[in-house]
S.K.: 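Quick one: the structure is below, questions incoming.
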Amino acid sequence: MAESKKPTDDKDERTNDNKDKQTNDDDDNDNDESVFSKLQDLMNRFSGLMSSSTSDEPVEDPVLKSFDLKSAAEYMSKCSNIIVMAGAGISTSAGIPDFRSPGTGLYSQLSKYDLPSPEAIFHLEFFRNNPKPFFLLAKELYPQKFTPTPTHFFIRLLNEKNKLLRIFTQNIDSLERIAGIPSEKIVEAHGTFFTSHCLNCRKEYDLEFVKEVIFKDEIPHCTDCDGIVKPDIIFFGESLPDRFQQCVQSDFSKADFLIIIGTSLQVAPFNRLVSFVDKNCPRLLINMEPAGKATSIWDLGSSSLLYDTNKNRRDVFHKSTCDDGVTELAKLLGWEDDFNKLLESEGVSVKNVKENLSTIPNETEENANHLAEQMAAATLNDNKKKE
């Protein structure tokens, strides 16, 4: 016989409701406490970050005896896997206009003209519609028009001393190659003129093919499909070369010394490479202006250079021109004679470079302005034709 269910009075129901409510309240309290605990933990972590970023005490012992060029050279003399990160500053004494310098840079000159933006010449869509301005620039920057600087030859000397692991360069002037640094030691992060490809069928062309065409002030076209042939310079929105990614992964964990020279460290992802070396790898910046410093608390750590801070263990900022900096570094390394012999064999003189430095800024500005005028005119003429 089935068991009969005991009737439940209102009091029992109210009691059960109160128990359920109490249970739910307890669950809510537990959840609240859990959320509060997580928030408290987050606040503690943030507080720890703040205190660690502003503390006067270094976390670990310094890697360098002192934070100057002499101490950097002493440490560097024992290294055999040196990486160099180079920017436009290593080529300015060759008379090549850079892009970003206020007043003298190419972008500054182009900003005076009615272009979509000064950087438009490096946008693929703009190039497809009007390649003429880019090829005017390419003609001026083409390899073999300029002589490598003492800095380029110092990097070659690093290789000859069996100390250079790799040079990562932002420059598209190919002066590293012309200076005699082996191609396998060079990573051209922003591409190269030495090879070109058709934008349509991807057929490859060599340096001489494109050079012959653009020096006639013509646009190189593919011999197979008549598409525009573009040097393998990285434009905005294009992926960096595969070799860049491969060498970043293979090299930076091996580096025992990092030289950062002639760069403002403003362009990603190149500027992030300083964080990829080991925490005990010294980082030497040779530049006319400070670079790579933290701009907020979120930047503090291995991704920023910590010279002139109480947290510094390994970073050195040597304020000078690139050529003066490497000349002094060669002396401190005991390589002065070898460096001078190499420069002499290549017909380069530090003294002559210094004497010419006073005229180079004006000549560079004039060259950039003249080039900007040509490029702007080419753009405007093309727009008029389309109208």
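Just so you know, residue 1 is the first one in the sequence shown, and it goes up from there. The structure presented is a predicted model; accordingly, all values stated were derived computationally and were not measured. These numbers come from the heavy atoms of this one structure, side chains and all, not from hydrogens, waters or symmetry mates.
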S.K.: Please give me the minimum heavy-atom distance between T192 and S174, naming the atom from each residue.
M.R.: OG1-OG, 3.9 Å

S.K.: Do D338 and K161 meet the salt-bridge criterion of a basic N to acidic O distance under 4.0 Å?
M.R.: yes

S.K.: Starting from the C-alpha separation in whole Å, work towards a yes-or-no answer on ring-ring contact (aromatic ring centres under 6.0 Å, His included) for F127 and F235.
M.R.: CA-CA 9 Å; F127 176 82; F235 279 20; 5.5 Å; yes

S.K.: Do E346 and R156 come close enough that some side-chain heavy atom pair is under 4.5 Å?
M.R.: yes

S.K.: For residues I186 and R166, report the shortest heavy-atom separation together with the two atoms involved.
M.R.: N-CD, 4.4 Å

S.K.: Do the side chain of R283 and the main chain of S304 share a donor and acceptor less than 3.5 angstrom apart?
M.R.: yes

S.K.: Are side-chain N/O atoms of D68 and S66 paired as donor and acceptor at under 3.5 Å?
M.R.: yes

S.K.: Establish, from distance only, whether the side-chain atoms of E176 and T169 form a donor-acceptor pair under 3.5 Å.
M.R.: yes

S.K.: Which of these passes side chain to side chain contact (heavy atoms under 4.5 Å, CB included) with M85: L265, L285, T263, I261?
M.R.: L265

S.K.: Do C322 and F154 pass the side chain to side chain contact (heavy atoms under 4.5 Å, CB included) test, and can you show the C-alpha distance, the side-chain angles, and the key distance before you say yes or no?
M.R.: CA-CA 10 Å; C322 299; F154 176 81; over 6 Å; no

S.K.: Say whether, by atom type as modelled, one donor and one acceptor occur between the side chain of K163 and the main chain of C79 under 3.5 angstrom.
M.R.: yes

S.K.: Tell me if a side-chain donor or acceptor on K185 pairs with a main-chain N or O of L164 at a distance below 3.5 Å.
M.R.: yes

S.K.: Quick one: closest heavy-atom pair of S239 and I234, and the distance?
M.R.: O-CD1, 3.5 Å

S.K.: Which is it for V348 and F153 under the side chain to side chain contact (heavy atoms under 4.5 Å, CB included) test, yes or no, and what are the steps along the way?
M.R.: CA-CA 9 Å; V348 176; F153 289 113; 3.5 Å; yes

S.K.: Where the side chain of N159 meets the backbone of I155, is there a donor-acceptor pair that is under 3.5 Å apart?
M.R.: no

S.K.: Hey, is D217 close enough to K139 for a salt bridge, meaning N to O under 4.0 Å?
M.R.: yes

S.K.: Is any side-chain heavy atom of Y307 closer than 4.5 Å to one of F67?
M.R.: no

S.K.: State, with a plain yes or no, whether a side-chain heavy atom of I90 is found less than 4.5 Å away from one of H152.
M.R.: yes

S.K.: Is the shortest heavy-atom distance from the side chain of H197 to the side chain of D232 under 4.5 Å?
M.R.: yes

S.K.: Return yes when atom CD of E218 has more than 12 non-hydrogen atoms of other residues, nucleotides or ligands closer than 6.0 Å, and no otherwise.
M.R.: yes

S.K.: Thinking salt bridges, do K70 and E74 make one under a 4.0 Å N-O criterion?
M.R.: no

S.K.: Is it true that, when you exclude E344 itself, more than 12 heavy atoms of the residues, nucleotides or ligands shown sit nearer than 6.0 Å to its CD?
M.R.: no

S.K.: Could you give the distance from CG (N200) to NE2 (H221), rounded to the nearest 0.5 Å?
M.R.: 10.5 Å

S.K.: Locate the shortest heavy-atom distance separating S93 from T149; write the atom from each residue and the value.
M.R.: OG-CG2, 3.1 Å

S.K.: Is the side chain of K216 donor-acceptor paired with the backbone N or O of K211 at a distance under 3.5 Å, no angle test?
M.R.: no

S.K.: Indicate if M288 and L69 have the same hydrophobic cluster label, given that clusters are the connected sets of ILVMFWY residues with side-chain heavy-atom separations under 4.5 angstrom.
M.R.: no

S.K.: Locate the shortest heavy-atom distance separating F193 from P231; write the atom from each residue and the value.
M.R.: CD2-CB, 3.8 Å

S.K.: Atom CG of N287 and atom NZ of K319: how far apart are they, to the nearest 0.5 Å?
M.R.: 10.0 Å

S.K.: Give me the atom names and distance for the closest heavy-atom approach of I286 to G325.
M.R.: CG2-CA, 4.0 Å

S.K.: Any donor and acceptor pair, going by atom type alone, linking the side chain of N171 with main-chain N or O of D173 inside 3.5 Å?
M.R.: no

S.K.: Are R313 and N280 packed together at the side-chain level, in the sense that at least one heavy-atom pair is separated by less than 4.5 angstrom?
M.R.: yes

S.K.: Test of understanding: with side chain to side chain contact (heavy atoms under 4.5 Å, CB included), list the residues that count as partners of E336, not counting sequence neighbours.
M.R.: K331, N340

S.K.: Can you confirm whether D315 sits close enough to P282 that some side-chain heavy atom of one is under 4.5 Å from a side-chain heavy atom of the other?
M.R.: no

S.K.: Linking I/L/V/M/F/W/Y whenever their side-chain heavy atoms sit closer than 4.5 Å, directly or via other members, would F215 and V213 fall into one cluster?
M.R.: no

S.K.: Taking the side chain from N312 and the backbone from R314, do they hold a donor-acceptor pair closer than 3.5 Å?
M.R.: yes

S.K.: Under the 3.5 angstrom rule, does the side chain of Y205 hit a backbone N or O of T223 as a donor-acceptor pair?
M.R.: yes

S.K.: Start with the C-alpha distance between F317 and L305, add both sets of side-chain angles, then the distance that settles side chain to side chain contact (heavy atoms under 4.5 Å, CB included), and finish with yes or no.
M.R.: CA-CA 9 Å; F317 170 44; L305 301 178; over 6 Å; no

S.K.: Using side-chain heavy atoms (C-beta onward) and a distance below 4.5 Å, is C247 in contact with F252?
M.R.: no

S.K.: As a test of understanding, state which of L158, L342, L329 forms a side chain to side chain contact (heavy atoms under 4.5 Å, CB included) with W335.
M.R.: L158

S.K.: Are D256 and I82 close enough, and set up right, to give a side chain to side chain contact (heavy atoms under 4.5 Å, CB included), and what steps lead you there?
M.R.: CA-CA 6 Å; D256 48 18; I82 297 172; 4.2 Å; yes

S.K.: Within this structure, what is the NE2-CD1 distance for the pair H190 and I172, rounded to the nearest 0.5 Å?
M.R.: 9.5 Å

S.K.: Kindly compute the distance separating CD1 (I214) from CD1 (I219), expressed to the nearest 0.5 Å.
M.R.: 9.0 Å

S.K.: Working to the nearest 0.5 angstrom, can you tell me the gap between K341 NZ and L157 CG?
M.R.: 11.5 Å

S.K.: Salt bridge check, E188 against R177: does any charged N sit closer than 4.0 Å to a carboxylate O?
M.R.: yes

S.K.: Using 0.5 Å steps for rounding, measure from the CD1 atom of I228 to the OG atom of S196.
M.R.: 12.5 Å

S.K.: Is it true that E60 and K279 have a side-chain N and a carboxylate O under 4.0 angstrom from each other?
M.R.: yes

S.K.: When you compare the side chain of S71 with that of V316, does any pair of heavy atoms fall below 4.5 Å?
M.R.: no

S.K.: Is a donor on one side and an acceptor on the other found under 3.5 Å between the side chain of D206 and the backbone of F209?
M.R.: yes

S.K.: Could you check whether atom CD of E212 has more than 12 heavy atoms from other residues, nucleotides or ligands sitting under 6.0 Å from it?
M.R.: no

